[in-house]
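Have a look at the structure below before the remarks.
By convention in this document, chain letters (A, B, ...) are assigned in the order of the sequence lines, proteins followed by strands, and residues within each chain are numbered from 1.
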Amino acid sequence: MKESYEIAQPLLAWYRQNARDLPWRHTQDPYAIWVSEIMLQQTRVAAVLGYYARFLTALPTVADLAAMDEDKLMKLWQGLGYYSRARNLQKAAQTVMADHGGQFPQSVEGLKALAGIGDYTAGAIGSAAFGLQTAAVDGNVLRVVSRLLDCHHDITLPATKKEFTAWIEEQLPPAGDDMRQFNQAVMELGATLCGPNAAPQCAGCPLQGQCLAHSRGTAEKLPVKAPKKPRRKEERTVFVLTCNGKVLLRKRPATGLLAKLWEFPNVEGHMDETAVAQQLQSWGITPVQWQKRLTATHIFTHVEWDMVGYCVEVADVDALPKSWVWADGALHDHAVPSAFGRFVETL
DNA sequence: AAGCCGGGGGC
DNA sequence: GCCCCAGGCTT
């Protein structure tokens, strides 16, 4: 470790004056910090705040989470995305209860052994909850370090992350209260002054004097990232089938996109009304009144759904296909992903 | 190393 | 449109 803290000292001083007031910064409860870190993976702070408060109210302890009904858990997570996070969260909670007596492992290695906790999250929890001397390198940190070092290596490469992690490790303060805040401080800088979109606000930066990108005028060109591949498009036809105030839903497969969430029945391709009628017939469903045709697009990271939807009042059905249910129109008990939001609005 | 996995806000 | 976001898991 470095014997001087040329980065940590000014950074921590700035952080203590300028840190945003975020709920997970008021606790040292590893459970609450863990929940926040999982929710924050690839997700903005603003999007997490409401979910976080509601989640901890519903499930205040790791024991509550471990025992939660899975469908209700998915309903709590509905709309937040990356749903495997929620399932891994519960799996890890059950591991903590079964293998660790309800107490969180207090080492980086122990944390990393839990489902859904990788390098970044183990470091973030270990430092914030236990004051461990460990790095936590996320997208914010990669951006900040690339600028501090004026390093033009591709930050999507594992080698670059290792390189930056090693540099951060040289800057760490000793274990304890400073470490509880150090990783938060680097990320805070990356989330506020040293952000990705607008030009970095170097004038107010506590590390301006030590930033090579600033002194060389390259800050706005960093970080360097490899271009991403184009996403594919899928055309689907969605069936919003209602009967006596109920709507027909089916459960998605246990793996893959939107696993285990509920959806309106849908098929590949764009159908006209004639084809839709035939499809309904093949399901043994009798249309009573055709109500609406509408289109919707939903963009995922690697695929785009171009959907046409048909809202049809149908007669009651004798034998429903497996995993299909009549759900109450408010969808109170079924987690339906945002991709179907335009169709949910019609209910 | 590359692909998969959501959703939304900012520009 | 395109960017990115307090990433992790799988192959």
Donor-acceptor under 3.5 Å (A/T43 side chain, A/L40 main chain):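 Checking the backbone N and O of A/L40 against the side chain of A/T43, no donor-acceptor pair under 3.5 Å is found.
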Checking all strands, does [X] fall into the base, sugar-phosphate, or nothing category for heavy-atom contacts under 4.0 angstrom?
{"X": "A/A136", "value": "nothing"}
{"X": "A/V45", "value": "base"}
{"X": "A/L258", "value": "sugar-phosphate"}
{"X": "A/L22", "value": "base"}
{"X": "A/G79", "value": "sugar-phosphate"}
{"X": "A/W305", "value": "nothing"}

Calculate the interatomic distance between [X] atom [atom1] and [N] atom [atom2]; express it in whole Å.
{"X": "A/R232", "N": "B/dG3", "atom1": "CZ", "atom2": "P", "result": "12 Å"}
{"X": "A/I299", "N": "C/dC3", "atom1": "CD1", "atom2": "C1'", "result": "12 Å"}
{"X": "A/F164", "N": "C/dA6", "atom1": "CZ", "atom2": "P", "result": "17 Å"}

Of A/S338 and A/K229, the one whose closest DNA chain B nucleotide lies more 5': A/K229
DNA chain B: 5'-proximal contact among A/A159 and A/H298 (nearest heavy atom): A/A159
Decide, yes or no, whether a salt bridge links [X] with [Y] under the criterion of side-chain N to carboxylate O below 4.0 Å.
{"X": "A/E70", "Y": "A/K260", "answer": "yes"}
{"X": "A/D316", "Y": "A/K246", "answer": "no"}
{"X": "A/E188", "Y": "A/R25", "answer": "yes"}
{"X": "A/K161", "Y": "A/D154", "answer": "no"}
{"X": "A/R236", "Y": "A/E268", "answer": "no"}

Output field: ring centroids A/W324/A/F264 closer than 6.0 Å: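 That pair fails the under 6.0 Å test.
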With rounding to the closest Å, how many angstrom separate the [atom1] atoms on [N] and [M]?
{"N": "B/dG6", "M": "C/dT11", "atom1": "P", "value": "16 Å"}
{"N": "C/dC9", "M": "B/dG8", "atom1": "P", "value": "24 Å"}
{"N": "B/dC4", "M": "C/dA6", "atom1": "P", "value": "24 Å"}

Dot-bracket pairing map - DNA chain B, Watson-Crick plus G-U, both contacts under 3.5 Å, | cross-strand: |||||.|||||
ILVMFWY network linking A/L294 to A/L280, side-chain heavy atoms under 4.5 angstrom: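 A/L294 does not cluster with A/L280.
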Return the polar atom pairs (N/O with N/O) between nucleotides 7-11 of chain C and the protein under 3.5 Å, or none.
| residue | atom | partner | partner atom | Å |
| --- | --- | --- | --- | --- |
| C/dG7 | OP1 | A/G139 | N | 3.2 |
| C/dG7 | OP2 | A/Q42 | N | 2.7 |
| C/dG7 | OP2 | A/Q42 | NE2 | 3.2 |
| C/dG7 | O5' | A/Q42 | N | 3.4 |
| C/dG7 | O3' | A/T121 | OG1 | 3.4 |
| C/dG7 | N7 | A/Q42 | OE1 | 3.2 |
| C/dG8 | OP1 | A/G118 | N | 3.0 |
| C/dG8 | OP1 | A/T121 | N | 2.9 |
| C/dG8 | OP1 | A/T121 | OG1 | 2.5 |
| C/dG8 | OP2 | A/Y120 | N | 3.3 |
| C/dC9 | OP1 | A/G116 | N | 2.9 |

Residue pairs involving residues 280-297 of chain A (criterion salt bridge (Lys or Arg N to Asp or Glu O under 4.0 Å); sequence neighbours excluded):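 Applying salt bridge (Lys or Arg N to Asp or Glu O under 4.0 Å) to every pair that reaches into residues 280-297 of chain A, excluding sequence neighbours, yields nothing.
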Ring geometry between A/H298 and A/F300 (parallel below 30°, tilted from 30 to 60°, perpendicular above 60°): perpendicular
hbond_proxy A/T301 side chain to B/dG6 base (donor-acceptor, 3.5 Å cutoff):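 Between B/dG6 and A/T301, which were checked side chain against base, a qualifying N/O pair under 3.5 Å is present.
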